[in-house]
K.L.:
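Encoded as structure tokens, here's the structure I'll be asking about.
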Amino acid sequence: MTAATLLERDRSGRIDPITFEVIRHKLQAITEEQAITLKQVSGSPVVTEATDFNNGLYLADGSIVTMGPQVIFHTGTMSTVIRNIIQEFGPRGEIREGDMFILNDPYRGAIHQPDVSIVAPIFHEGRHCGWAGSCAHQLDVGGMGFGSWAYRATEVQQEAMLLTGLKLIEGGKLREDLWQMIMSMTRLPNYLGLDLKGMIAANNVAIQRMIELFRRYGLDTVEAVMNAEIDASERRMRERLKKIPDGIYRARDYIDHDGHTNALYRVCLAIHKKGDEIAFDLEGTSEQAPGFINCTWSGMKGALLTGLLPILAPDIRWNEGVLRPVTIHAPEGTLCNARWPAPVSGATVCAVWIVMNVAVAALSRMVSCAPEMVREAQAVTKGQMSVLTLAGRNRNGEAYGTLLLDSMAGGGGASIDLDGLDGSGDYDVPRPAIANVEANEAAGPILYLFRSFVPDTAGPGRMRGGGSTGLALVAHDVEKLDAMVIGHGVEVPNSLGLFGGLPGACAYHLLKRSNQGVGALLERYWNAARVMADETVEDLGAKPGGFRIGQGDVFCYTFQGGGGYGDPLLRPPARVLQDVRDGHVSAASAAALYGVAIAGEDIDQPATEARRRAIRRQRLGGKVPKKAAPEGRSDGSAEIRIGADRHFHCGCGTDLGPCRENWKPRAVGRKLAAADCGPHVRLHAELELREFCCPDCATLLEVEVLRKDEEPLWSMSLA
């Protein structure tokens, strides 16, 4: 240890606080510089505009030290990538200074094949002391279709190139043979090449900055800070978990269509919380699908981590320490832990997304039982994802291909005292961004007819969910474009509400065949409602696969809104009126879902009171409520409260039974039609909606999506 390093420690051997903070912030700054470098080198709009990437620093064993605030999925899985590299190359002594490894195999740590990771060991004075990692979604990595979303695949070998952890750079030199092999398997070698070089550059920057840090403060000191950071996060995480009641907290969600048939698949999650530990149990999840919607263990882990970090650790530094109190159980051969060679190219927008949804829902129920954490609970944010790829020739006859990520602009989930954000971005992306319309139009032969908010997409609630967006585009200056749209949530309302909040709207994938010019189309289709109202528009469903957009054809798609929080009848009428004025809620939905009658520009108060009384009576099968509904939550408590008697209670005081038992049999339940939750809520043939309300005051306590042959979910059971 150098003299300078000794001066930085006190007599007990601990690092002084100032040095600790300087090094800690420098580590995060290095991760930020990695991201800046990648964006500056990359030419892909997926990286430069939509920030579908991430970077991080890791200990020598692959433990997470820092992660970027871009796509949380990636950093949660890069540690798995690194550990697979260590397992493969470590025993042979083939991890050396100047090496970098490339991997996109979902069965070895990637989420799906287009998410390519490049990881680099960090050495100082001959000692392996860490890793730098970068991961970014690629526009195309080969396979049977452009974009490498292989919706027709039946096995993983059909989907894309599989890079199992190859040494792309050896001793600081690029292996040209491997480079040429990789470039030959993509339809867009220029984009892929720039992205890979951007990740290499980002890792080189991280290595250089880490070596500078080692030289200034000493390797032992920097390593001590990294380990102390991880230990501190673990300690704070365990302290937080101790404040939450022990018990089991559950959620489930569904995927429509597997790429081959419109079969329905289920993801179940039970969180077992005891003391300072939690266990994620995905028993009951559907068996793996024959189509590309599955995910592997790494994708499932990344999704669970994505749900966990913002809810349980919003003020704890995100690193390996947060994960130490967590265990995961998922049977092999299921949708979220697929067995080789199941296809998985659609994992990120299918199984992974659904796992994230159930993690958010179950964790939100859990923290709602801890008064000091209740504000971290939230309804599901935009529970689906739709990706649109376009390929063909541009105006100059050159090869063109892109992946539009406008669908990130869905609606955010509501919380106990906040409406969800309108056009919030995706839950897994803390810094959401989408390309400007003009940037997409300049980059390729397309024109937008509109990109705007869509009314009645926000999940109704005492606090409403965030409103979602939609867009329509046409091919411009070319005869045609080959398109593909995939996603889910067209017939499943995945944006579940919380404590009586209704789900957000479902997604739409629509195509209008036409031979009209752009001017005529702009006059006719200037918002999503106009497209939806046209009876000649074709509804493509969740996963229509490839289709052509010819001259004059219009493709329109909309995205799910955020789930609501609390009974919509408890939303102040003045706020509903403002939602109508802002265009997020129609007057018809204000009356049907919120019980608010609007006459002209104002509230019809007598009609509103009568309408709300009628809805409450309807919930109770025609009976008049015995108690008045609780009008506010000024005390910050959830809609279902835990009493001193260890019973669940409605806000009106009605006893819903012991906390160790299911409260739903003591509630009044009934089946709902899809339209009862909003004009854009649709249901798969195997699904239904059920509501559960207080038997005394008729306050809505939960709206559940479930298969017709399933029992209602036992959502919470406290020890």
K.L.:
Between Ser148 and Val141 (side chain of the first, backbone of the second, donor and acceptor by atom type, cut-off under 3.5 Å), is there such a pair?
P.N.:
yes
K.L.:
Would you call Glu125 and Arg127 a salt bridge, using N to O less than 4.0 angstrom?
P.N.:
no
K.L.:
Could you name each residue pair satisfying salt bridge (Lys or Arg N to Asp or Glu O under 4.0 Å) that touches residues 195-211, not counting sequence neighbours?
P.N.:
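Every salt bridge (Lys or Arg N to Asp or Glu O under 4.0 Å) pair that includes a residue of residues 195-211, provided the two are not neighbours, is Glu33-Arg209, Arg209-Glu212.
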K.L.:
Where does the angle between the aromatic ring planes of Trp353 and Phe73 fall among parallel (under 30°), tilted (30 to 60°) and perpendicular (over 60°)?
P.N.:
perpendicular
K.L.:
Indicate whether the side chain of Asn55 and that of Thr31 have a donor and an acceptor atom separated by less than 3.5 Å.
P.N.:
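No donor-acceptor contact under 3.5 Å links the two side chains.
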K.L.:
With side chains defined as the heavy atoms from C-beta onward, is the minimum distance between Ile207 and Ile211 less than 4.5 Å?
P.N.:
yes
K.L.:
Hey, is the main chain of Ile64 close enough, under 3.5 Å, to the side chain of Glu320 for a donor-acceptor pair?
P.N.:
yes
K.L.:
Going by side chain to side chain donor-acceptor pair (under 3.5 Å), name the pairs with one or both residues in residues 224-234, residues two or more places apart or in two chains.
P.N.:
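Found Glu229-Arg317, Asp231-Arg324, Ser233-Asn319, Glu234-Arg238, Glu234-Arg324.
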K.L.:
Taking atom types as modelled, find out whether Gln28 and Glu32 have a side-chain donor-acceptor pair closer than 3.5 angstrom.
P.N.:
no
K.L.:
Check for a donor-acceptor pair, side chain of Lys273 on one end and backbone N or O of Ile244 on the other, with a separation under 3.5 Å.
P.N.:
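Side chain of Lys273 to backbone of Ile244: a pair is present.
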K.L.:
Quick one: pull up CD in Gln138 and CG in Leu196 and give me the separation to the nearest 0.5 Å.
P.N.:
5.5 Å
K.L.:
Testing the 3.5 Å rule here: is there a donor-acceptor pair between the side chains of Ser345 and Glu159?
P.N.:
yes
K.L.:
With under 30° as parallel and over 60° as perpendicular, where do the rings of His128 and Phe123 fit, or are they tilted in between?
P.N.:
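Geometry flag for Phe123 against His128: parallel rings.
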K.L.:
Which is it for His137 and Trp149 under the ring pair (Phe, Tyr, Trp, His ring centres under 6.0 Å) test, yes or no, and what are the steps along the way?
P.N.:
CA-CA 12 Å; His137 182 96; Trp149 305 88; 5.5 Å; yes
K.L.:
Looking only at the side chains, is there a donor atom on one of Ser42 and Ser44 sitting less than 3.5 Å from an acceptor on the other?
P.N.:
no
K.L.:
Quick one: list whatever passes side-chain contact (heavy atoms from CB on, under 4.5 Å) with Met185, sequence neighbours left out.
P.N.:
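Met185: side-chain contact (heavy atoms from CB on, under 4.5 Å) contacts with Met161, Met181.
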